[in-house]
Amino acid sequence: MGIKKTLGLGIASAALGLSLIGGGTFAYFSDTAQSTATFAAGTLDLNTSPSEIVNLSNLKPGDIAVRNFTLQNSGSLDIKELKLASAYTVTDAGTNNAGQDLGDHFKVKLLKDTYVSGDITNFVIGEISLKDLKNTANYDLISTGALPGGIAAGQSKVFKVAFVFVDNGQDQNVFQGDKLDLTWTFNAKQGLGELK
């Protein structure tokens, strides 16, 4: 072989070697993994019992009627905020109320959940007139202590109240035969988001 052929063969061999080495730097093992996740929103599901808020009749000033409301959290999230919206209408039987609001003569007394029966005096944790309650858009039942800590998912609590027809020591004859229809709406909210 001539020197030119030998040299050409050497250069070609070197080029081939370099291309193999260079080509090898692009060869690698690879793998792919996929991770999937499901994000499911929790639920708030508040149920009340009884559904008829108050069914009282034949009341006179000074009467007290205690009622229990079972609030059931059937959802998967804890209820950390529970507010009460109140609405009522008054039927003035004698059309003689002259601007007086029967709701102003009723007090709602929030009771400790330990109350069973008898005198309510040592069990009252707060009170508000029906009129003021109606004018309070969202009355907070947790901060008042009526439902401390809220209601855990799948749990229930009993909300106890006493309705008092206040005897103001004055003539209240204009309310004889009157009727007050009360509707309560319980608005529940979750707690703040937390690190999961």
Peer 1: Using atom types as modelled and distance alone, determine if a side-chain donor or acceptor of D132 lies under 3.5 Å from a backbone N or O of T136.
Peer 2: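 No; judged by distance alone, with no hydrogens or angles, the pair does not exist.
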Peer 1: Would you check if the side chain of K112 reaches a backbone N or O of G145 as a donor-acceptor pair within less than 3.5 Å?
Peer 2: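 Not a single qualifying donor-acceptor pair exists.
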Peer 1: Is a side-chain donor or acceptor of D167 paired with a backbone partner of G169 at a separation under 3.5 angstrom?
Peer 2: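 Indeed, once roles are kept as given, a pair shorter than 3.5 Å links the two residues.
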Peer 1: Any donor-acceptor pair under 3.5 Å linking the side chain of K131 with the backbone of D101?
Peer 2: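 Between the backbone of D101 and the side chain of K131 there is no qualifying donor-acceptor contact (under 3.5 Å).
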Peer 1: Quick one: do the N173 and Q176 side chains pair a donor with an acceptor below 3.5 Å?
Peer 2: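 Yes - a donor-acceptor pair under 3.5 Å links their side chains.
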Peer 1: Test your reading of the model: is there a side-chain donor-acceptor pair from K109 to the backbone of E127, 3.5 Å cut-off?
Peer 2: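 Side chain of K109 to backbone of E127: no pair is present.
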Peer 1: Are P61 and N168 close enough that some pair of their side-chain heavy atoms sits under 4.5 Å apart?
Peer 2: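 No, too far: nothing below the 4.5 Å cut-off.
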Peer 1: So F159 and L82, do their side chains get closer than 4.5 Å, heavy atoms only?
Peer 2: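 Of all side-chain heavy-atom pairs linking F159 with L82, none is under 4.5 Å.
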Peer 1: For the pair Q172 (side chain) and V166 (backbone), establish whether a donor and an acceptor sit closer than 3.5 Å, ignoring hydrogens and angles.
Peer 2: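 Confirmed, Q172 side chain pairs with V166 backbone.
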Peer 1: Does the D78 side chain pair with the main chain of K80, one donor and one acceptor, at a distance under 3.5 Å?
Peer 2: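 No: the side chain of D78 does not pair with the backbone of K80.
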Peer 1: Main chain of V66, side chain of K160: is a donor-acceptor contact present, judged purely on distance under 3.5 Å?
Peer 2: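 No, because the side chain of K160 does not come within donor-acceptor range (under 3.5 Å) of the backbone of V66.
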Peer 1: Say whether, by atom type as modelled, one donor and one acceptor occur between the side chain of D92 and the main chain of N96 under 3.5 angstrom.
Peer 2: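 Indeed, once roles are kept as given, a pair shorter than 3.5 Å links the two residues.
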Peer 1: I need the minimum non-hydrogen distance between A146 and L110, along with the two atoms involved.
Peer 2: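 Heavy atoms of A146 and L110 come nearest at CB-CD1, 4.2 Å.
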